[in-house]
*Asks:* 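Submitted below is the structure of interest, expressed as structure tokens.
Owing to the predicted nature of the structure, the values given are computational and were not obtained by experimental measurement.
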Amino acid sequence: MNETMLSYRVKDNLIHSLHPLTTLSYVLVITILSLIFYHPIYLAALLLPAALVIVSSGHYKEWSIYLKLSVSLIILIAVLNMVFSREGETILFTLQLLPGMAPLDLSLESLTFAAGMGLRLLVIITAFCLYSQAIDPDRILRAVAGLGKGKTVLAIILATRLFPQFLRDYKRIMEISQCRGVDPYHGNLWQRTGRLKPVISVLFSSSLEHALELAESMYARGYGSGARSQRQADLWRPRDFLILLAVIIAFFCGILAYGQGWTAFNYYPRLSWEFSGSSILTLMTLSLAIPSVLNWGCKRSNSFLSKI
């Protein structure tokens, strides 16, 4: 797993200057709608604006890593669905894997269902990529600190911070091992396991050192000695309200389309669908594309960014 997938990096653009709850609302709306939509066109309408936001915010490289990971998952879904699903009526071809076994019928419906679910998975992975790359973990957890107890928020902060650090330490230790002539990637399973023992030992020691440093830092800052002080909260700006309005419009458009049955797509036993609600679909897509449009506008004019 690449560490850039989980590491937050600040960038100078409008997306990173938004209030964390604004970006979180955008991600949640895309995720929720992707879970209730079945029609591939509606799912694609969610993927397009989310991809535009990621590209406009300068995270195409990180998104490409997520895409490479999602391709293998989509292929796995397609294979499993085509092998175990027997409900489709449009048989493409029949396979006889082993003598004496029942023939395996591969249907058009199972292939289409796998493609649709793969598209849904791609939308969710894209939304998670936007969350991990465009939202500062400290800011979002500070924004939702009032929803839970301080210890709970502290545990979440430590979890979101330590895992990327753990990956960086692992990568650094593996590079040092290879420089010393130890290649843990060659040999049989037993040999590779034996070569990893020193790496695990060093990684464990490094983790303990980080934990001690963190404890000393918390003690020096007076954690647990009294009421917690709080820095100035994140500001709400006109850009946040504009994007929140667009997110609300997109959410209600999606709910309306779902309530009318326009997002339905019957995969089994035979493919059947109808495309309706094109105006609602267009409004939803344009609303979700507003953050990327504003971001590109701010790149062309700094005065525009200062006004919103």
*Asks:* Checking the side chain of K11 only, and the main-chain atoms of G58 only, is there a donor and an acceptor separated by less than 3.5 Å?
*Replies:*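 Yes: the side chain of K11 pairs with the backbone of G58.
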*Asks:* Does the plane of the ring in Y42 sit parallel, tilted or perpendicular to the ring in F37? Use 30° and 60° as the thresholds.
*Replies:*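 It falls in the perpendicular class, over 60°.
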*Asks:* Provide the closest heavy-atom pair for T126 versus A50 in the form atom of the first, atom of the second, distance.
*Replies:*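 Taking every non-hydrogen atom into account, CG2-CB, 4.0 Å.
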*Asks:* Of the options I30, L33, T31, L48, which is the one that meets V123 in a side chain to side chain contact (heavy atoms under 4.5 Å, CB included)?
*Replies:*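 That would be I30.
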*Asks:* Please determine if D240 and R237 form a salt bridge, counting it only when a charged side-chain N lies under 4.0 Å from a carboxylate O.
*Replies:*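 The answer is no: the pair does not qualify as a salt bridge.
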*Asks:* Is the closest side-chain heavy-atom distance between I248 and F252 below 4.5 Å?
*Replies:*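 Sidechains of F252 and I248: in contact.
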*Asks:* Assess the side chains of S276 and Q260: does a donor N or O sit below 3.5 Å from an acceptor N or O?
*Replies:*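 No pair is found: no donor N or O on one side chain lies under 3.5 Å from an acceptor on the other.
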*Asks:* Using a 4.5 Å cut-off on heavy atoms from C-beta on, say whether the side chain of I243 contacts that of L18.
*Replies:*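 Yes, their side chains come closer than 4.5 Å.
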*Asks:* Tell me, yes or no, whether the heavy-atom count around Y268 atom OH, taken from other residues, nucleotides or ligands under 6.0 Å, exceeds 12.
*Replies:*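 Correct, the count exceeds 12.
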*Asks:* Is it true that a side-chain atom of S206 and a backbone atom of V202 form a donor plus acceptor pair closer than 3.5 Å?
*Replies:*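 Between the backbone of V202 and the side chain of S206 there is no qualifying donor-acceptor contact (under 3.5 Å).
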*Asks:* Quick one: does I54's side chain get under 4.5 Å of C129's, heavy atoms only?
*Replies:*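 In contact.
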*Asks:* Using every non-hydrogen atom in the two residues, find where T23 and I15 come nearest and quote the distance to one decimal.
*Replies:*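 Closest approach of T23 to I15: OG1-O, 4.1 Å.
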*Asks:* Quick one: side-chain hydrogen bond (donor to acceptor under 3.5 Å, both in side chains) partners of S272, sequence neighbours excluded?
*Replies:*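 Partners of S272 by the side-chain hydrogen bond (donor to acceptor under 3.5 Å, both in side chains) criterion, ordered by chain and then number, come out as N266.
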*Asks:* Closest approach of Y38 and M117, non-hydrogen atoms and distance?
*Replies:*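 The pair with the smallest heavy-atom distance is CD2-CE, 4.1 Å.
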*Asks:* Using every non-hydrogen atom in the two residues, find where Y26 and V53 come nearest and quote the distance to one decimal.
*Replies:*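 So the two residues come closest at OH-CG2, 3.4 Å.
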*Asks:* I'd like to know whether CZ of F275 has more than 12 heavy-atom contacts from other residues, nucleotides or ligands below 6.0 angstrom.
*Replies:*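 Yes, CZ of F275 has more than 12 neighbouring heavy atoms, counting only those of other groups under 6.0 Å.
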*Asks:* Report yes if some heavy atom in the side chain of S107 is under 4.5 Å from a heavy atom in the side chain of T90; otherwise report no.
*Replies:*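 No. Closest side-chain heavy atoms not under 4.5 Å.
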*Asks:* Show the nearest heavy-atom pair for residues H16 and R139, with the distance to one decimal.
*Replies:*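 Nearest heavy atoms, H16 then R139: O-NH1, 3.3 Å.
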*Asks:* Answer yes if the ring centres of F113 and Y267 are under 6.0 angstrom apart, and no otherwise.
*Replies:*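 Between F113 and Y267, the centre distance is under 6.0 Å.
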*Asks:* Side-chain contact, heavy-atom cut-off 4.5 Å: W236 with T22?
*Replies:*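 Yes; the side chains approach each other to less than 4.5 Å.
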*Asks:* Less than 4.5 Å apart, side chain to side chain, heavy atoms only: is that true for Y66 and L122?
*Replies:*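 No, too far: nothing below the 4.5 Å cut-off.
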*Asks:* What is the minimum heavy-atom distance between R120 and L35, and which atoms define it?
*Replies:*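 Closest pair (atom of R120, atom of L35, distance): NH2-O, 3.6 Å.
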*Asks:* Only one of T285, L288, I280, L286 passes side chain to side chain contact (heavy atoms under 4.5 Å, CB included) with C253; say which it is.
*Replies:*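 Testing each of T285, L288, I280, L286 against C253, the sole residue satisfying side chain to side chain contact (heavy atoms under 4.5 Å, CB included) is I280.
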*Asks:* So do the side chains of L271 and F265 get within less than 4.5 Å of each other, counting heavy atoms only?
*Replies:*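 Side chain of L271 against side chain of F265, heavy atoms only: contact under 4.5 Å found.
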*Asks:* Strictly by modelled atom types, are S17 and R239 linked by a side-chain donor-acceptor pair under 3.5 Å?
*Replies:*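 Yes, R239 and S17 have a side-chain donor paired with an acceptor closer than 3.5 Å.
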*Asks:* Could you check if a side-chain atom of K68 sits within less than 4.5 angstrom of a side-chain atom of W63, using non-hydrogen atoms only?
*Replies:*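 No, every pair of side-chain atoms sits at 4.5 Å or beyond.
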